[in-house]
Amino acid sequence: MRTITRLGVATAALAATALALTGCAAGSSSGSSTTAATAQSASGPKVDLSGVCPATVVVQTDWNPEGEHGHLYQMLGPDPQIDASGKTVTGDLYANGKSTGVKLEIRAGGPAIGYSKVSSQMYQDKSITLGYVSTDEAVQFSGNLPTTSVFAENDTSPMAIMWDPKTYPKVDSIASLGKALAKDGGVVRYFNGAAYMTYLEQSGTLPKSVLDGSYDGTPSKFVSAGGKDAQQGFATAEPYIYQNQVAAWGKKVDYALISSTGWNPYPEAMSVRSGDLTKLTPCLQKLVPVMQQADVDYLKAPQATNDLITKLVQQYNNGWTYDSKVGAFAAAQMVKLGIAKDTDGYIGSVDDQRMQDFIEKAKPVFAGSGDVKSDLKASDLYTNEFLDKQIGLGK
């Protein structure tokens, strides 16, 4: 689901904003020496991952570099090597301002992997150590492609539905938006086949009469409707982009997170193939706390990492546009909206009851599609055992 919707954001930004981001020639190049690693605190102890982790920890993301992936790029040491043609970046994996003795390779997803699911990619390419697998994807493919989340860097998905506050000043939720649209003849435009929309219809949150699966990723229909229609988007991107970078709109939009309706998967959770969990345990015991700290460091001081993300986007040059201003907005929104937050006093944990509740909501949505494990339970999809309870945004 995320790859499709992110394609739309990319197309919208490309078609409407003419951002001054020009791609560089394909090939390998060195990143700037001013990277996220230089922004890390060097006061912590040295972490040695050599011997317990693969010589290169390979992470498969679900989209192009962006702020929501900041915790990953935060771990790259100075002068990472950028493979523009392969859409990867590799460098020393850093913790507390020091090398951990292993490399980190971050692979772009979405167009870079033919828009395939990350879980599918992980089973096709066993060199991948961890991948971004959202809970809905984990449920959908729990039978044939089982994955286990080891670190939920974000607690809530930034997926949202947005609308014009001047047209609908009394709307304060997705449910009330549905009623207003039905009354005025408006629609919610979204990418056809989105699992969350099936849930919104099945749960009665949105009436079928207002659903329009013709969203093509561009802002043209939203703009031409003059505020009558609503549209899917991401709370970490579109509110800024539409106000500041879509000249034909150029004003605020209101929005509500899809999670507010009860469809609340953990987005882009760092996951391993379930069968590899035992083998990777010695590595994960040391690596997961490093990822936790990198997440905290990024959210508190995102600029250096956002600059690296912007550079990667420029060099990958595949139609996706993203700059540090959008990255700064994303980091701020993640904290402001509780998309990233401490749960149980530390960052990255999964709640068992919430996971089980989601499984029950997701089963009807995926009935007849995917491969949901018949006796699936929450503990099949995650573990909190590697998390350091002393690491959090509030520490």
Side-chain angles (χ1 to χ4, degrees), residues 36-37 39-49 52-53 57 59 61 67-75 93-98 100 104 129-135 138 147-158 235-236 257 259 264-272 277 280-302 305 330-358 378-395:
Q40 293 181 10
S41 170
S43 60
K46 178 177 172 57
V47 178
D48 185 4
L49 299 179
V52 293
C53 288
V57 174
V59 179
T61 69
E68 289 91 327
H69 303 176
H71 70 107
L72 283 181
Y73 298 99
Q74 182 76 24
M75 292 188 292
L93 198 162
Y94 261 52
N96 301 324
K98 310 175 187 70
T100 61
L104 172 64
T129 314
L130 299 120
Y132 274 165
V133 182
S134 298
T135 307
T147 54
T148 302
S149 163
V150 296
F151 172 48
E153 69 277 4
N154 282 333
D155 185 73
T156 303
S157 171
T236 47
L257 294 174
S259 61
N264 195 18
Y266 290 92
E268 301 177 319
M270 296 292 288
S271 305
V272 300
L277 183 62
L280 286 172
T281 288
C283 172
L284 296 171
Q285 287 173 335
K286 291 188 173 184
L287 177 59
V288 170
V290 171
M291 294 192 292
Q292 287 179 274
Q293 189 61 57
D295 197 15
V296 171
D297 290 344
Y298 169 72
L299 291 169
K300 290 185 176 181
T305 297
Q333 286 285 85
M334 282 188 278
V335 175
K336 176 183 177 182
L337 301 178
I339 291 170
K341 66 179 182 180
D342 294 345
T343 304
D344 300 322
Y346 56 100
I347 200 162
S349 68
V350 168
D351 180 79
D352 191 81
Q353 188 60 55
R354 173 180 155 186
M355 182 70 84
Q356 190 61 51
D357 289 346
F358 183 82
S379 58
D380 293 328
L381 301 180
Y382 82 97
T383 178
N384 290 331
E385 66 179 296
F386 307 117
L387 297 169
D388 186 334
K389 296 182 179 180
Q390 302 305 312
I391 301 175
L393 290 168
K395 304 295 184 179

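Quick note: numbers below take in every heavy atom, side chains included, and nothing from hydrogens, waters or symmetry partners. Throughout, numbering of the chain's residues begins at 1 and tracks the sequence.
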T129 to L280 - nearest heavy-atom pair and separation: O-CD1, 4.0 Å
Set of ring-ring contact (aromatic ring centres under 6.0 Å, His included) partners for F358, sequence neighbours left out: W263
Quick one, F386 and T281 - any side-chain contact, counting heavy atoms below 4.5 Å? yes
Between CG on residue L49 and CG on residue L284, distance to nearest 0.5 Å: 10.5 Å
OG1 of T236 to CG of L337: how many Å apart, nearest 0.5 Å? 8.5 Å
Assign the ring pair H71 / F151 to parallel, tilted or perpendicular, where the plane angle (0 to 90°) is split at 30° and 60°. perpendicular
Taking atom OG1 of T305 and atom CG of D297, what is their separation to the nearest 0.5 Å? 9.0 Å
Of all residues at least two apart in sequence or in a different chain, which pass the side-chain contact (heavy atoms from CB on, under 4.5 Å) check with D344? Y346, S349
With a 6.0 Å cut-off (strictly less than), is the heavy-atom count around NZ of K336, excluding the residue itself, greater than 12? no
Taken in chain and number order and not counting sequence neighbours, the residues that satisfy side chain to side chain donor-acceptor pair (under 3.5 Å) with D342 are none
Distance-only, no hydrogens or angles: does the K395 side chain make a donor-acceptor pair with backbone N or O of G345 under 3.5 Å? yes
Does Q390 have any side chain to side chain donor-acceptor pair (under 3.5 Å) partners at least two apart in sequence or in another chain, and if so, which? none
Is there a donor-acceptor contact under 3.5 Å from the side chain of K98 to the main chain of P45? no
Interatomic distance, CG@L393 vs NZ@K341, rounded to 0.5 Å, equals 11.5 Å
Qualifying residues under side-chain contact (heavy atoms from CB on, under 4.5 Å), relative to V52, sequence neighbours excluded: P282, K286
Shortest non-hydrogen pair, L130 vs V150, comes out as CD2-CG2, 3.8 Å
Between atom CD of E268 and atom OG of S149, what is the distance when rounded to the nearest 0.5 Å? 12.0 Å
Quick check: closest heavy atoms across N154 and A340, and the distance to 0.1 Å? OD1-CB, 3.3 Å
Donor-acceptor under 3.5 Å (Q333 side chain, A235 main chain): yes
Using 0.5 Å steps for rounding, measure from the CG atom of L387 to the CE atom of M291. 8.5 Å
Does the side chain of Y382 come within less than 4.5 Å of D352's, by heavy atoms? yes
With sequence neighbours excluded, what pairs up with D155 under the side chain to side chain donor-acceptor pair (under 3.5 Å) test? T343, R354
Which pair of heavy atoms, one from E68 and one from A330, lies closest together, and at what distance? OE1-CB, 4.4 Å
Q292 side chain vs D388 backbone, donor-acceptor pair below 3.5 Å: yes
Quick one: does L381's side chain get under 4.5 Å of V350's, heavy atoms only? no
Any side-chain donor paired with an acceptor under 3.5 Å for D357 and Q353? yes
Any side-chain heavy atom of Y298 within less than 4.5 Å of one from M334? yes
Over all heavy atoms of both residues, which pair between G392 and V296 is shortest? Give the atoms and the distance, please. C-CG2, 3.7 Å
Quick one, V59 and M270 - any side-chain contact, counting heavy atoms below 4.5 Å? yes
Shortest non-hydrogen contact between T156 and S259, atoms and distance: CG2-OG, 3.1 Å
